[in-house]
Number of protein chains: 2
Amino acid sequence: MDHSSLAQRLGRYLPLAEPERDALATLEESERSLPRGGVLCAEHAPTREIYVVRKGWLYSSTLLSDGNRQILGLHLPGELAGDAALPWEKAPFAITAATDAVVRVIDKTALRSLLTHQPRIGALLLALVQIERMAIADRLASLGRTSAKSRVAALLIDVLRRLRAGGSDVAGGLVLPLTQEEIGDATGLTAVHVNRMMRQLTDEGLIGRSNGRVRVMDEARLAGVANHIDRYAAIDLSWVPPAI
Amino acid sequence: MDHSSLAQRLGRYLPLAEPERDALATLEESERSLPRGGVLCAEHAPTREIYVVRKGWLYSSTLLSDGNRQILGLHLPGELAGDAALPWEKAPFAITAATDAVVRVIDKTALRSLLTHQPRIGALLLALVQIERMAIADRLASLGRTSAKSRVAALLIDVLRRLRAGGSDVAGGLVLPLTQEEIGDATGLTAVHVNRMMRQLTDEGLIGRSNGRVRVMDEARLAGVANHIDRYAAIDLSWVPPAI
DNA sequence: CGTGTCGTTGAGCTCAGTCAATAAAAGTGG
DNA sequence: CCACTTTTATTGACTGAGCTCAACGACACG
């Protein structure tokens with residue numbers, strides 16, 4: 001357990017000071033492994049922890065009362081999961097492993113002292129959450145106002161850019177370890193229609209597929225179809241209090 | 001300018017300590033009035049401020065490259081607006097007045113020192129943002145996985161409960177100061193179809209309408225149609241660092 | 001008393017959903 | 001390693017919820 005995962009995540013935007021890194025290093029406790037399909041945190045289960053993904057993909061989802069499922073977001077390696085559940089005693093969504101996965105577990109109560117003693121980390125975390133909030137807002141616009149093809153394209157582009165931001169090598173094409181049912185639950189479509197849209201994107205030369213592997217052939221054009229806006233390029237955290 | 005609006009907003013969940021209230025009281029600067037339709041902050045405009053709504057309704061929206069608009073969220077009296085734009089130099093969304101409105105303006109840089117010196121306010125703000133993030137997630141599920149009628153019902157129920165939480169009297173029916181076009185942009189529908197859904201809700205006795213005024217006749221049944229889950233009831237902020 | 005905005009309703013169309021059948025993988029136990 | 005089951009992907013035919021286009025009425029406002 002060499003470095004702090006949370007420090008790595010927060011450090012993506014601004015360099016952390018020595019005492020901050022030290023404080024973060026004391027946070028992480030255990031590592032937990034899950035098989036594909038394993039539930040890290042069930043909906044309505046008590047929430048005592050937040051997670052940092054080390055390996056694999058996970059997703060958050062809610063089950064509507066009519067039985068439908070909505071995937072609220074994906075959690076790729078290096079990203080947080082479960083932090084959105086902080087203000088609730090019982091989880092408002094489930095967290096499930098889309099692939100075999102490994103996560104670091106951080107205790108909620110441990111966060112408490114961290115926020116008190118390292119206010120700058122609190123501010124940075126606040127910024128991080130706002131960024132993720134805007135990401136959901138963009139997905140809201142995607143579901144509310146774009147076609148099925150755009151939505152699928154948006155998912156692909158989003159994943160591609162986040163994997164890249166997380167340091168993964170995506171040049172050789174990415175493995176999309178989601179079933180079409182899952183893609184549907186994320187984009188508000190049926191699995192059948194996801195399949196048709198993937199076929200269309202393939203026929204148009206935007207993506208290539210071979211045994212589950214999806215390769216983005218023309219990122220710019222795909223981003224165009226997706227109505228994608230790269231928010232990450234313009235992030236500005238100069239308002240975060242400076243390191244002491 | 002008697003009390004701090006932000007203090008009122010944050011104090012909804014936990015009592016604030018004296019020094020915290022004092023710190024918040026120094027924050028607020030000016031009050032700004034807007035006519036209906038007035039733009040508080042244009043998309044891509046520099047973001048130097050966040051806002052607290054005093055009177056009237058506002059909404060945040062993005063314009064997609066295909067010309068479609070998505071309303072990302074409403075801002076009712078007592079609520080924050082523009083805080084989601086904190087991590088960007090240029091606003092990722094516009095803020096527009098849905099009615100004549102009055103807002104308090106808080107400077108971004110003023111927040112900086114507040115977060116440094118009052119870490120507990122940072123934590124509380126973090127919680128508040130997570131709550132708003134979950135609210136968008138619920139809307140995502142609404143757009144992605146429910147029918148047009150449900151979405152309109154969800155909007156109505158959401159507004160009703162937030163108005164109530166903000167201290168408004170909604171017993172006599174609420175005035176919904178949104179055009180059907182705006183409701184459509186919020187719910188991912190066309191204005192025409194919003195109209196049909198409102199008619200249906202009216203015919204089923206769930207709501208009553210008279211000259212723009214909407215009255216919720218059967219809140220429980222409407223909440224059922226909306227697949228609504230009341231997140232506010234279960235909020236638990238015991239993990240926030242205690243006041244000194 | 002025009003003129004523009006908003007709400008309302010009808011008719012027809014289309015995108016995405018439903019149902020169904022088959023193929024292709026991926027597990028699973030012997 | 002093979003037989004067997006379950007999951008996932010794919011495609012076609014049909015249906016329907018929600019969109020488009022269009023017309024008209026009701027206001028508000030200069």
Side-chain angles (χ1 to χ4, degrees), chain A residues 35-38 57 64 66-71 96-100 142-156 175-203 207-214 225 227, chain B residues 35-38 64 66-70 96-100 142-156 175-203 207-214 225 227:
Chain A
R36 170 178 149 69
W57 293 27
L64 302 207
D66 56 17
N68 265 131
R69 182 176 69 161
Q70 175 70 45
I71 289 184
T96 312
T99 69
D100 293 349
S142 178
L143 295 218
R145 283 296 183 223
T146 77
S147 69
K149 191 164 75 167
S150 287
R151 295 188 213 174
V152 174
L155 180 78
L156 293 173
V175 180
L176 190 71
L178 299 173
T179 66
Q180 295 181 350
E181 178 101 36
E182 286 165 339
I183 298 174
D185 284 342
T187 54
L189 301 169
T190 56
V192 173
H193 206 60
V194 167
N195 184 290
R196 285 195 252 262
M197 294 303 105
M198 301 268 289
R199 156 144 301 288
Q200 219 173 302
L201 292 172
T202 308
D203 290 347
I207 61 174
R209 287 185 297 161
S210 50
N211 49 300
R213 193 176 214 93
V214 172
V225 170
N227 271 295
Chain B
R36 170 178 150 71
L64 302 206
D66 57 18
N68 265 130
R69 182 176 68 162
Q70 174 70 47
T96 311
T99 69
D100 292 349
S142 178
L143 295 218
R145 285 295 183 224
T146 78
S147 69
K149 190 164 75 168
S150 286
R151 296 187 211 174
V152 174
L155 180 78
L156 293 173
V175 180
L176 190 69
L178 299 172
T179 65
Q180 294 181 349
E181 177 102 37
E182 286 164 340
I183 297 174
D185 285 341
T187 53
L189 301 168
T190 56
V192 172
H193 206 60
V194 167
N195 184 289
R196 285 194 250 262
M197 294 305 104
M198 301 267 290
R199 156 144 301 287
Q200 219 172 303
L201 291 173
T202 308
D203 290 347
I207 61 175
R209 286 185 298 161
S210 49
N211 50 299
R213 194 176 213 94
V214 171
V225 170
N227 271 294

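Chain naming here is simple, since letters A, B, ... match the order of the sequence lines and numbering starts at 1 in each.
We find the CD-OG1 distance between B:Gln180 and B:Thr187 to be 10.5 Å, quoted to the nearest 0.5 Å.
Applying the side chain to side chain contact (heavy atoms under 4.5 Å, CB included) criterion to A:Asp203, with sequence neighbours excluded, gives A:Arg199. Remark: B:Thr99 pairs with no residue by the side-chain hydrogen bond (donor to acceptor under 3.5 Å, both in side chains) rule, at least two apart or across chains. For B:Arg209, the salt bridge (Lys or Arg N to Asp or Glu O under 4.0 Å) test picks out no residue, with sequence neighbours left out. Under the rule for a salt bridge (Lys or Arg N to Asp or Glu O under 4.0 Å), the partners of A:Arg69 that lie at least two apart in sequence or sit in another chain are A:Asp185.
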Exercise for the section: Indicate for each nucleotide in nucleotides 6-21 of chain D, in 5' to 3' sequence, whether protein heavy atoms under 4.0 Å reach the base (B), only the sugar-phosphate (S), or nothing (-). Expected result: --SSBBBB----BBBB
Protein-nucleic acid N or O pairs under 3.5 Å, nucleotides 28-30 of chain D:
none

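B:Glu181 pairs with exactly one of B:Ile183, B:Leu178, B:Thr179 by the side chain to side chain contact (heavy atoms under 4.5 Å, CB included) rule, that one being B:Thr179.
With contacts defined as side-chain heavy-atom distances shorter than 4.5 Å, the pair B:Leu156/B:Ile207 qualifies.
The CG atom of A:Asp66 sits 11 Å away from the P atom of C:dT18 (whole-angstrom rounding).
Across all their heavy atoms, B:Glu182 and B:Pro177 have their closest contact at OE1-O, 4.2 Å.
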